[in-house]
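The model shown is predicted, which means the values in this text are computed figures rather than measured ones.
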Amino acid sequence: MEPLGEKQGEAEGPRITPQLLKARTGEFALESILLLKLRGLGLVDLGCLGECLGLEWLDLSGNALTHLGPLASLRQLAVLNVSDNRLTGLEPLAACENLQSLNAAGNLLAAPGQLQCLAGLRRLEYLRLRDPLARLSNPLCSSHSYWTAVRELLPGLKVVDGQRVTGRGSELYQLCRDLDSSLRPSSSPGPRATEAQPWVEPGYWESWPTRSSSILEEACRQFQDTLQECHDLDRQANDSLAQAEQALSPAGTTASFVF
């Protein structure tokens, strides 16, 4: 029995075949496949994936891919996850004119210039090249100019690495970064910490209205990741405030902090 219904060459490894796609989706015609999840299968070759011309949502994370050539024919693709692979370039994605969301964290992208191929994608709004929670990144993310370079190359982005850079919510992330900087230990004595205030207005965290969209699942996942990052930051802030309270308050007294 061949694993996953695929043929394996001695050096090639698992590849995508029509049999694999039909078995995982139940569709007889590859052009009819709209959503496809091929996560963690050890794939090294995209095979016939380029024949899925109607594909809108694609998850190829956790494989061993080194190139994305067949994806150039997927003009309807809106959401793509290729995180945790071995990619050194994204050039074929330049033809994916409907791409809105791309997760390429955990690959081998070495320089910001390798993102130039995405500059023509007018609908691209969400880009992830590093994921601290999953411990995934790219070599280019270690550069001090990484954030600035990405913003300059792709000015249309709204969310980068899970952080909103434009529109509603971007102020929150800037506030989080400022707060994190202010809570770092300092050797110089400072004034007593003031009472903390809520970060956002009431109702900000209410659930998004339900929408019928092929990218809903990916949007919900990104929202959950963002919410988890905020919870983690909130917990770290509470710990730091508790330490500051203990250090600054006289013995036997406590201060009240509202979060």
Return the minimal non-hydrogen interatomic distance between [X] and [Y], and the atom names on each side.
X	Y	value
Thr17	Cys48	C-SG, 3.5 Å
Gln100	Leu124	O-CD1, 3.5 Å
Ala104	Leu129	CB-CD2, 4.0 Å
Lys22	Phe28	CE-O, 3.0 Å
Leu49	Leu71	CD2-CD2, 3.6 Å
Val165	Arg151	CB-NH1, 3.7 Å

Please round to the nearest 0.5 Å and tell me the distance separating atom [atom1] of [X] and atom [atom2] of [Y].
X	Y	atom1	atom2	answer
Leu115	Tyr146	CG	OH	8.0 Å
Leu30	Leu55	CG	CG	10.5 Å
Leu58	Leu34	CG	CG	12.0 Å
Leu36	Glu56	CG	CD	12.5 Å
Cys52	Leu21	SG	CG	5.0 Å
Ile16	Leu65	CD1	CG	7.0 Å

Other residues, nucleotides and ligands only: do more than 12 of their heavy atoms fall within 6.0 Å of CD on Gln246?
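No, because the 6.0 Å sphere around CD of Gln246 holds 12 heavy atoms or fewer from other groups.
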Any donor-acceptor pair under 3.5 Å from [X] side chain to [Y] backbone:
X	Y	answer
Asn103	Ala105	yes
Asn81	Ser61	no
Asn98	Ala78	no
Ser142	Pro139	yes
Asp59	Lys37	no
Asn63	Leu38	yes
Thr66	Arg86	no
Ser73	Pro70	yes

Side chains of [X] and [Y]: closer than 4.5 Å at any heavy-atom pair?
X	Y	answer
Arg75	Glu97	yes
Leu118	Leu154	yes
Leu80	Leu99	yes
Pro112	Leu153	yes
Asp232	Leu133	yes
Asn107	Leu90	no
Leu127	Val159	no
Tyr126	Val160	no

May I ask you to decide whether Arg128 forms a salt bridge with Asp161, counting only side-chain N to carboxylate O separations under 4.0 Å?
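The answer is no: the pair does not qualify as a salt bridge.
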Joint cluster assignment, Val79 & Leu35, ILVMFWY side-chain distance < 4.5 Å
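Val79 and Leu35: one cluster.
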Find out if a path of hydrophobic residues (ILVMFWY) with successive side-chain heavy-atom gaps under 4.5 Å connects Leu136 to Leu41.
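Leu136 does not cluster with Leu41.
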Might you work through the salt bridge (Lys or Arg N to Asp or Glu O under 4.0 Å) test for Asp45 and Arg15, ending with a clear yes or no?
CA-CA 5 Å; Asp45 191 332; Arg15 65 192 304 269; 3.7 Å; yes
Do Asp239 and Gln243 have side-chain atoms, one donor and one acceptor, less than 3.5 Å apart?
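No.
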Side chain to side chain contact (heavy atoms under 4.5 Å, CB included) evaluation trace for Leu87 with Leu108:
CA-CA 6 Å; Leu87 300 173; Leu108 302 176; over 6 Å; no
